[in-house]
**Student:** 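One structure, pasted below without further comment.
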Amino acid sequence: MERLRGLNMLILAIIVILGGAEGQLVENFYGFTCPNVEFIVQQAVSTKFSQTFVTIPATLRLFFHDCFVEGCDASVMIASPNGDAEKDSKDNLSLAGDGFDTVVKAKQAVEAQCPGVVSCADILAIATRDVVVLAGGPSYNVELGRRDGLISQASRVAGKLPEPDFNLIQLNTMFASHNLSQFDMIALSGAHTLGFSHCDRFANRLYSFTPSNPVDPSLDPEYAKELKDMCPQNVDPSIAINMDPATPRTFDNEYYKNLVKGKGLFTSDQVLFTDESSQGTVSDFANNAFDFNGAFVTAMRKLGRVGVKTGDQGEIRLDCTRFNS
């Protein structure tokens, strides 16, 4: 009886210790349950990348959009037959399908070897690191242990994602709500060195900025002319152009060099250089790729902790596009 009571006390102590660890992500979370998970995801991402380059910016953007709404819980992956899930919101309609497909394919590969163990949220986090590396960016260790969220509603997205016309105060306020500093925000903005945007997201800077200045004066005149050529008024809304006009397929610090030259595509990009309180960081990142890479890695790890579900919260989805029940 004493031995049984002692065993029960030991089990209780373990539960208390584990309970106290809830909410903490760790790098080797699947060390025993799915030790090859990162390799499996990497292989799936590489295969998808060999089919289309869009895999890279689409997956990176998907991670950001997921984390900023309900936290990093793969809620953006849910497909609703009624068209009212998170991905169906106006702000998410421009998310490229290749990002979703990358996670779905990686999840299928993981399920084949470790059924019911690895969350879609963790697979998205790993895949995001992998696409950054594929584009020539820095590698970093991914903290794991997220569980998949149980809420995905289009109505909960509005006001949760930065807009292309945001000023520095609006950007800082939104990022601060997720425990991300101005320095983190500027580093994460460097992801705009990859990917593309539709013309309607910045057309106001070319044709209707103010009554006295139809063209945003912070735009380099030559760049403004190039943008007008690619995005004439009443252009086909499906037309998209590269965010980084210099090296659109390489993860580098060219984004910041573009800002110094007046070649930020969005107002929310260019303001990082035109506002004196953020200009110094932009100049440093433009001149020092090492500083940018280090700041980006730190900011990505912080972003990956936003609103995570751990322990007995959420679920481990078997299909990333559907709740288990």
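Quick note: numbers below take in every heavy atom, side chains included, and nothing from hydrogens, waters or symmetry partners.
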**Student:** Hydrophobic cluster membership, with links at side-chain heavy-atom distances under 4.5 Å among I/L/V/M/F/W/Y: are M174 and V306 in one?
**Tutor:** yes
**Student:** Tell me whether D66 contacts the main-chain N or O of V76 through its side chain, where contact means a donor paired with an acceptor under 3.5 Å.
**Tutor:** yes
**Student:** Which pair of non-hydrogen atoms, one from D98 and one from A58, has the smallest distance, and what is that distance?
**Tutor:** C-CB, 4.2 Å
**Student:** If I compare all heavy atoms of A121 with all of C72, which pair ends up nearest, and what's the gap?
**Tutor:**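 For A121 versus C72, the nearest heavy atoms are CB-O, 3.6 Å.
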**Student:** Side chains of I239 and M230, heavy atoms from C-beta outward: is any pair under 4.5 Å?
**Tutor:** no
**Student:** Please determine whether the number of non-hydrogen atoms from other residues, nucleotides or ligands lying under 6.0 Å from atom CG of N288 exceeds 12.
**Tutor:**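 Yes, because the 6.0 Å sphere around CG of N288 holds more than 12 heavy atoms from other groups.
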**Student:** Taking the hydrophobic residues Ile, Leu, Val, Met, Phe, Trp and Tyr, and joining any pair whose side-chain heavy atoms are under 4.5 Å apart, which ones share a cluster with I169?
**Tutor:**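 None; I169 is a cluster of one.
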**Student:** If the condition is side-chain hydrogen bond (donor to acceptor under 3.5 Å, both in side chains), which residues does S80 pass it with, not counting sequence neighbours?
**Tutor:**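 D84.
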**Student:** Judged by atom type as modelled, is there a donor-acceptor pair below 3.5 Å linking the side chain of D229 to the main-chain atoms of E226?
**Tutor:** no
**Student:** Could you report the tightest heavy-atom contact between D165 and T267, atom names first, then the distance?
**Tutor:**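 Smallest interatomic distance, heavy atoms only, reads CA-CB, 3.9 Å.
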**Student:** Taking atom CG of D236 and atom CG of N234, what is their separation to the nearest 0.5 Å?
**Tutor:** 11.0 Å
**Student:** Heavy atoms only: give me the nearest V260-F273 pair and the separation to one decimal.
**Tutor:** CG2-CE1, 3.7 Å
**Student:** Answer with yes or no whether the side chains of R201 and S94 bring together a donor and an acceptor at under 3.5 Å.
**Tutor:**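 Judged by distance alone, the side chains do not pair up.
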**Student:** In terms of hydrophobic clusters joined by side-chain contacts under 4.5 Å, are F49 and I123 together?
**Tutor:**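 They do share one cluster, since a chain of ILVMFWY contacts under 4.5 Å joins F49 to I123.
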**Student:** Sequence neighbours left out, what passes ring-ring contact (aromatic ring centres under 6.0 Å, His included) with H178? Give chain and number order.
**Tutor:**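 H178: ring-ring contact (aromatic ring centres under 6.0 Å, His included) contacts with F68.
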**Student:** When rounded to the nearest 0.5 angstrom, what is the spacing between CG in D319 and CD1 in I78?
**Tutor:** 8.0 Å
**Student:** Are E163 and F266 packed together at the side-chain level, in the sense that at least one heavy-atom pair is separated by less than 4.5 angstrom?
**Tutor:** no
**Student:** Applying salt bridge (Lys or Arg N to Asp or Glu O under 4.0 Å) as the test, list every pair that has at least one member in residues 259-287; sequence neighbours left out.
**Tutor:**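 Non-adjacent pairs meeting salt bridge (Lys or Arg N to Asp or Glu O under 4.0 Å): zero.
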**Student:** How far apart are the closest heavy atoms of Y255 and G190, and which atoms are they?
**Tutor:** CD2-CA, 3.7 Å
**Student:** Under the 3.5 angstrom rule, does the side chain of Q170 hit a backbone N or O of N167 as a donor-acceptor pair?
**Tutor:** yes
**Student:** Any chance you could lay out the side chain to side chain contact (heavy atoms under 4.5 Å, CB included) test for L272 and M185, step after step, and finish with the verdict?
**Tutor:** CA-CA 10 Å; L272 301 182; M185 179 272 292; 3.8 Å; yes
**Student:** Counting distance only, does the side-chain N/O of S152 pair as donor-acceptor with the main-chain N or O of S75 below 3.5 Å?
**Tutor:** yes
**Student:** Quick one: list whatever passes salt bridge (Lys or Arg N to Asp or Glu O under 4.0 Å) with E86, sequence neighbours left out.
**Tutor:**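 Counting only residues at least two positions away or on another chain, E86 forms no salt bridge (Lys or Arg N to Asp or Glu O under 4.0 Å).
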**Student:** What residue pairs, at least two apart or across chains, pass disulfide bond (SG atoms under 2.5 Å apart) with a residue in residues 183-216?
**Tutor:** C199-C231
**Student:** Should the ring pair F64 and F175 be called parallel, tilted or perpendicular, given that the plane angle runs from 0 to 90° and is split at 30 and 60?
**Tutor:** tilted
**Student:** So do the side chains of V54 and F196 get within less than 4.5 Å of each other, counting heavy atoms only?
**Tutor:**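 Yes, their side chains come closer than 4.5 Å.
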**Student:** Do V308 and L62 belong together in a cluster built from hydrophobic side chains that touch within less than 4.5 Å?
**Tutor:** no
**Student:** Quick one: does any side-chain atom of T59 pair with a main-chain N or O of I56 as donor and acceptor, under 3.5 Å?
**Tutor:**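 A pair under 3.5 Å: no.
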**Student:** Rounded at 0.5 Å granularity, tell me how far CG in N258 sits from CD in Q270.
**Tutor:**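 Going from the CG atom of N258 to the CD atom of Q270 covers 9.0 Å.
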**Student:** Are side-chain heavy atoms of T128 and M300 found at a separation under 4.5 Å?
**Tutor:** yes
**Student:** Listing request: all salt bridge (Lys or Arg N to Asp or Glu O under 4.0 Å) pairs with a residue in residues 107-119, at least two apart in sequence or in separate chains.
**Tutor:** K107-E111
**Student:** Measure across D88 and G83 and return the closest heavy-atom pair with its distance rounded to 0.1 Å.
**Tutor:** OD2-C, 3.0 Å
**Student:** Could you tell me which residues satisfy side-chain hydrogen bond (donor to acceptor under 3.5 Å, both in side chains) with T247, sequence neighbours excluded, listed by chain and number?
**Tutor:**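 Result, side-chain hydrogen bond (donor to acceptor under 3.5 Å, both in side chains) vs T247: D244, D252.
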**Student:** Going through the checks in order, is the side chain to side chain contact (heavy atoms under 4.5 Å, CB included) test met by L150 and E315?
**Tutor:** CA-CA 7 Å; L150 299 172; E315 64 181 7; 3.5 Å; yes
**Student:** Examine distances only and state if a side-chain atom of Y256 and a backbone atom of A187 form a donor-acceptor pair shorter than 3.5 Å.
**Tutor:** yes
**Student:** Return the CZ to CG distance between F323 and D148, rounded to the nearest 0.5 Å.
**Tutor:**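 F323 CZ to D148 CG: 9.5 Å, rounded to 0.5 Å.
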**Student:** Indicate, with yes or no, if L124 and I151 share a hydrophobic cluster defined by side-chain heavy-atom contacts under 4.5 Å among Ile, Leu, Val, Met, Phe, Trp and Tyr.
**Tutor:**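 Per the 4.5 Å side-chain linkage, I151 and L124 are not co-clustered.
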**Student:** To the nearest 0.5 Å, what is the distance between CZ on R61 and CG on L161?
**Tutor:** 8.5 Å
**Student:** I'd like to check the side-chain contact (heavy atoms from CB on, under 4.5 Å) partners of R147; sequence neighbours left out, ordered by chain and number.
**Tutor:** K309, I316
**Student:** Using a strict 4.0 Å threshold on nitrogen-to-oxygen distance, state whether E27 and R301 make a salt bridge.
**Tutor:** yes
**Student:** Is any side-chain heavy atom of L219 less than 4.5 Å from a side-chain heavy atom of R205?
**Tutor:** yes
**Student:** Can you find a heavy atom in the side chain of E70 that is under 4.5 Å from one in the side chain of R156?
**Tutor:** yes
**Student:** Which disulfide bond (SG atoms under 2.5 Å apart) pairs, counting each pair once, include a residue from residues 86-125, with sequence neighbours left out?
**Tutor:**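 Qualifying pairs, neighbours excluded: C34-C114, C120-C320.
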**Student:** Which pairs pass side-chain hydrogen bond (donor to acceptor under 3.5 Å, both in side chains) with one or both residues in residues 30-39, sequence neighbours excluded?
**Tutor:**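 Residue pairs with at least one partner in residues 30-39: Y30-D122, E38-R129.
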**Student:** Compute whether any side-chain donor of one residue and acceptor of the other, for N172 and Q182, lie under 3.5 angstrom apart.
**Tutor:**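 Yes - a donor-acceptor pair under 3.5 Å links their side chains.
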**Student:** Using a 3.5 Å distance criterion without hydrogens, assess whether the side chain of D220 forms a donor-acceptor pair with backbone atoms of Y223.
**Tutor:** yes
**Student:** Just jot down the side-chain hydrogen bond (donor to acceptor under 3.5 Å, both in side chains) partners of D91, sequence neighbours excluded, or say none.
**Tutor:** none
**Student:** Linking I/L/V/M/F/W/Y whenever their side-chain heavy atoms sit closer than 4.5 Å, directly or via other members, would V104 and V45 fall into one cluster?
**Tutor:** yes
**Student:** Is there a side-chain contact between K257 and F285 in this structure, where contact means two heavy atoms from C-beta onward sitting under 4.5 Å apart?
**Tutor:**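 They are not in contact (no side-chain heavy atoms under 4.5 Å apart), so the answer is no.
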**Student:** Can you tell me if CZ on F39 sees more than 12 non-hydrogen neighbours from other groups inside 6.0 Å?
**Tutor:** no
**Student:** Look at the side chain of T310 and the backbone N and O of G145, then say whether any donor-acceptor pair between them is shorter than 3.5 Å.
**Tutor:**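 It does not hold such a pair.
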**Student:** Rounded to the nearest 0.5 Å, how far apart are CG of D291 and CG of N253?
**Tutor:** 10.0 Å
**Student:** Decide yes or no on side chain to side chain contact (heavy atoms under 4.5 Å, CB included) for I241 and L265, but give the supporting numbers first.
**Tutor:** CA-CA 10 Å; I241 69 160; L265 189 60; 4.0 Å; yes
**Student:** Determine whether the aromatic ring centres of residues F292 and F251 are separated by less than 6.0 angstrom.
**Tutor:**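 Distance test on ring centres: under 6.0 Å, yes.
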**Student:** Could you check L194 against R249 for side chain to side chain contact (heavy atoms under 4.5 Å, CB included), going step by step and ending with a plain yes or no?
**Tutor:** CA-CA 6 Å; L194 298 166; R249 293 190 168 216; 5.6 Å; no
**Student:** I'd like to check T193 versus T250 (side-chain heavy atoms, cut-off strictly below 4.5 Å). Are they in contact?
**Tutor:** no
